[in-house]
Structure formats: structure tokens, C-alpha cells
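Written below as C-alpha cells is the structure these notes are about.
Just so it is clear, the structure is predicted and the values come from calculations on it, not from any experiment.
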Amino acid sequence: MKSIAIVILSLTSVTTNAGRGTNDLLLDANVAVRGINLTEAQTALLNEAIESTKKFPDVTGGTKKSFKQTISEAIDRRDATFSDLSSVLVTHYQGRLHETVMGHHKIASHWAKFDASLDEKQRLNFRGRMAPTITKAFSSMTKNSVYLAKIENLSSDEYVRKLGMSEAQTKTAANLFQDASSQVAALGAKGDQVNSNIARALSDPSVDFLEIPEAMLDYFNALTAALKVKRDYGNALHRTLNEKQQHQLADMVRTKLKLLRFFS
């Protein structure tokens, strides 16, 4: 149950900017530009950025519903294969959630244009005031995403016992787990790297503001790749099992997806 809660929290962090609503974001932005003397051209770019941010609910809305639908399409089908079940997260991340993230990126690009119109002192002022909002949102996403991509050890005593795995199957599962884990481990380092890049962009006015949403998109793509590794790991093990074991493993995944749908 705890792992399901972590997955839900991870998905929410990605789709709702760490739980902050549109009004909160607009309030932060208004505070960030307070006291900065803007030209007419700068004010026009600011208004464009504000108008784009007001569309935030349209960009994010429906993402959770889409995720539930993706789960349902897999678990409610009697002929759903293990591959169908294990691909739910990847399908969501490559589909509706990717559209949501790209929508966030488009909104951020408007703020990048406004930022580029500022002089160095104004830019430092603006970025400094927006820094807490940006760093909090992204650090929350990276922290929770590590749990989302975490790979279960299917060679553990629990799975060996439940599936009745042979010694040879257990050895194969252990090798697959080691290989997949080493690939996913890089996600943590990627998060640290991107956090560092964002911190540098917020403190260095010579760095393009657009590097911030680009860094976030880079991490999202890395997370999606890690989820593919997780999916492929399960599919590889599934192929080594006999028919009875395959059905048992599929039922385990189906049960977890049902819980995820219920609590999402």
C-alpha cells in the first residue's frame, strides 16, 4: 500500500507542479515582478506570459482521468497480456502525460521571452524571487520519481515462493534485476545534475531562462526511459516462466494496477 501511495504522489508531482494551483503561480509571478520598472514592450511580454499561465488548468486538466482510463483499458480486458499490463505507466508517460509536460514547457517559453527582455539586474531580481517556486516544484518531482522507477527484485524470496521459481529461473531473475537496476540507478544522478543546472540558471543572468524548462524536460525523458527499462525487465522475466507462473505474475501486476486506479 505504501508503494502505491508513493506512485500516486509521484504522478501528482509531475502533473500539478508539486500541487500548486494556477492562482498560486500567478501570485508568485506578480510578486516576482513587483517593483521592476518595465517598458511597454516588456509589459506586453509579461502579459503574454500571464495569459499563457492562465491556461494551466486546460493543459493539466484530464491528465489523471486519462491515466485511469489507460489502467482500465489494460486491466478490464480479459485478453490483456502481461505486456499490456506492464506497459501502463510507459503508455501514460509517452501519451497524455507527455502532452501535459509539453504544455508546461510551452507556458515556460513565454516566461523565457519575458526574462530575455530584462536587463541583468532585473533578471537577477525576477529569477531570485521565482527561485523558491521553481526549485520546490522540481525537487519534489525528482525525489518522488526515483520511487516511481524503482524496480522490484523478482528474484527475492517473496517472489520465488509465490511463483514457485526454480533455481535456474531465480538465477536468471537475479541477473535481469542487476542489469535493470544499474540502468535505472542513473536516474538519481540525472536528477542531481538537472537540479544543479536549474540552480545555475536561476543565479546566473547570462544563462538562458529557457534552460530551466529544457532541464525539466530532459529529466522527464530520462524518467520515461527508466520506466521502459522497468517494463522490459518484467517482460524479460515473464518470458522465462511457465504458463502457470506467467498467469500468477500477471495477476500480481493486475492487482497493483487496480489499487492504483482506485486511489488515483
Side-chain angles (χ1 to χ4, degrees), residues 9-60 63 97 100-148 187-223:
L9 180 60
S10 303
L11 290 165
T12 302
S13 296
V14 175
T15 59
T16 62
N17 196 29
R20 296 186 61 79
T22 304
N23 290 335
D24 293 322
L25 294 173
L26 289 173
L27 177 61
D28 289 344
N30 284 322
V31 170
V33 298
R34 188 175 298 163
I36 300 179
N37 294 321
L38 302 176
T39 65
E40 186 175 333
Q42 290 172 329
T43 300
L45 290 171
L46 173 62
N47 289 335
E48 285 181 13
I50 289 175
E51 286 304 310
S52 71
T53 305
K54 288 180 180 178
K55 297 176 182 178
F56 194 83
D58 296 329
V59 172
T60 305
T63 305
L97 186 55
T100 299
V101 170
M102 293 309 297
H104 293 179
H105 187 279
K106 185 176 181 180
I107 291 172
S109 69
H110 286 282
W111 287 102
K113 290 179 182 178
F114 167 70
D115 178 90
S117 74
L118 303 175
D119 61 37
E120 183 174 308
K121 182 178 179 181
Q122 291 173 325
R123 196 174 296 138
L124 275 175
N125 208 342
F126 171 67
R127 293 187 187 185
R129 292 175 180 176
M130 287 298 293
T133 299
I134 295 172
T135 54
K136 180 180 179 181
F138 189 70
S139 63
S140 175
M141 185 180 80
T142 54
K143 179 181 178 181
N144 293 321
S145 295
V146 172
Y147 293 105
L148 183 64
L187 186 64
K190 168 64 76 171
D192 293 338
Q193 175 194 340
V194 173
N195 272 312
S196 176
N197 290 344
I198 290 176
R200 180 175 59 87
L202 288 170
S203 61
D204 186 349
S206 67
V207 177
D208 192 337
F209 185 88
L210 196 58
E211 287 196 21
I212 297 173
E214 285 291 342
M216 293 181 177
L217 181 59
D218 183 36
Y219 182 81
F220 178 81
N221 290 334
L223 173 57

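Formation of a donor-acceptor pair under 3.5 Å by the Asp208 side chain with backbone atoms of Glu211 is not found in this model. A donor-acceptor contact shorter than 3.5 Å is absent between the side chain of Arg123 and the backbone of Ser206.
Between Val207 and Arg200, the shortest heavy-atom contact is CG2-NH1, 3.3 Å. Residue Phe209 comes nearest to Ala112 through the heavy atom pair CD2-CA, 3.5 Å, listed as atom of the first residue, atom of the second, then distance. In terms of heavy-atom proximity, His105 sits nearest to Pro213 at CD2-O, 3.7 Å. When every heavy atom of Asn37 is checked against every heavy atom of Gln122, the shortest pair comes out as O-NE2, 3.0 Å. Closest non-hydrogen pair, Pro205 versus Leu124, comes out as CD-CD2, 3.6 Å.
Residues Phe56 and Leu26 fail the side-chain proximity criterion, which asks for heavy atoms closer than 4.5 Å. Counting heavy atoms from C-beta outward, Asn197 and Gln193 have side chains that approach closer than 4.5 Å. The shortest side-chain heavy-atom distance between Met216 and Ile134 falls under the 4.5 Å cut-off. At least one side-chain heavy atom of Tyr219 sits under 4.5 Å from a side-chain heavy atom of Lys190.
The CG atom of Leu46 sits 8.5 Å away from the OG atom of Ser117 when rounded to the nearest 0.5 Å. In this structure, CD on Glu48 lies 11.0 Å from CD1 on Ile50, to the nearest 0.5 angstrom. Note that CG of Asp218 and CG of Leu223 are 11.5 Å apart. Values are rounded to the nearest 0.5 Å. Atom NZ in Lys113 sits 8.0 Å away from atom CG in Leu45 (nearest 0.5 Å). In this structure, CD on Glu120 lies 12.5 Å from CG on Asn125, to the nearest 0.5 angstrom. Considering CG of Asn47 and OG of Ser52, their distance stands at 11.0 Å, rounded to 0.5 Å.
Judged by distance alone, the side chains of Thr53 and Trp111 do bring a donor and an acceptor atom under 3.5 Å apart. A donor and an acceptor atom, one from each side chain of Asn30 and Arg34, are nowhere located under 3.5 Å apart.
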(message) For Lys54 and Glu51: C-alpha separation, side-chain torsions, deciding distance, then whether salt bridge (charged side-chain N to carboxylate O under 4.0 Å, His left out) applies.
(response) CA-CA 5 Å; Lys54 288 180 180 178; Glu51 286 304 310; 3.2 Å; yes
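Of the options Leu202, Asp115, Leu217, a side-chain contact (heavy atoms from CB on, under 4.5 Å) to Ile212 is made by Leu202 and by none of the others.
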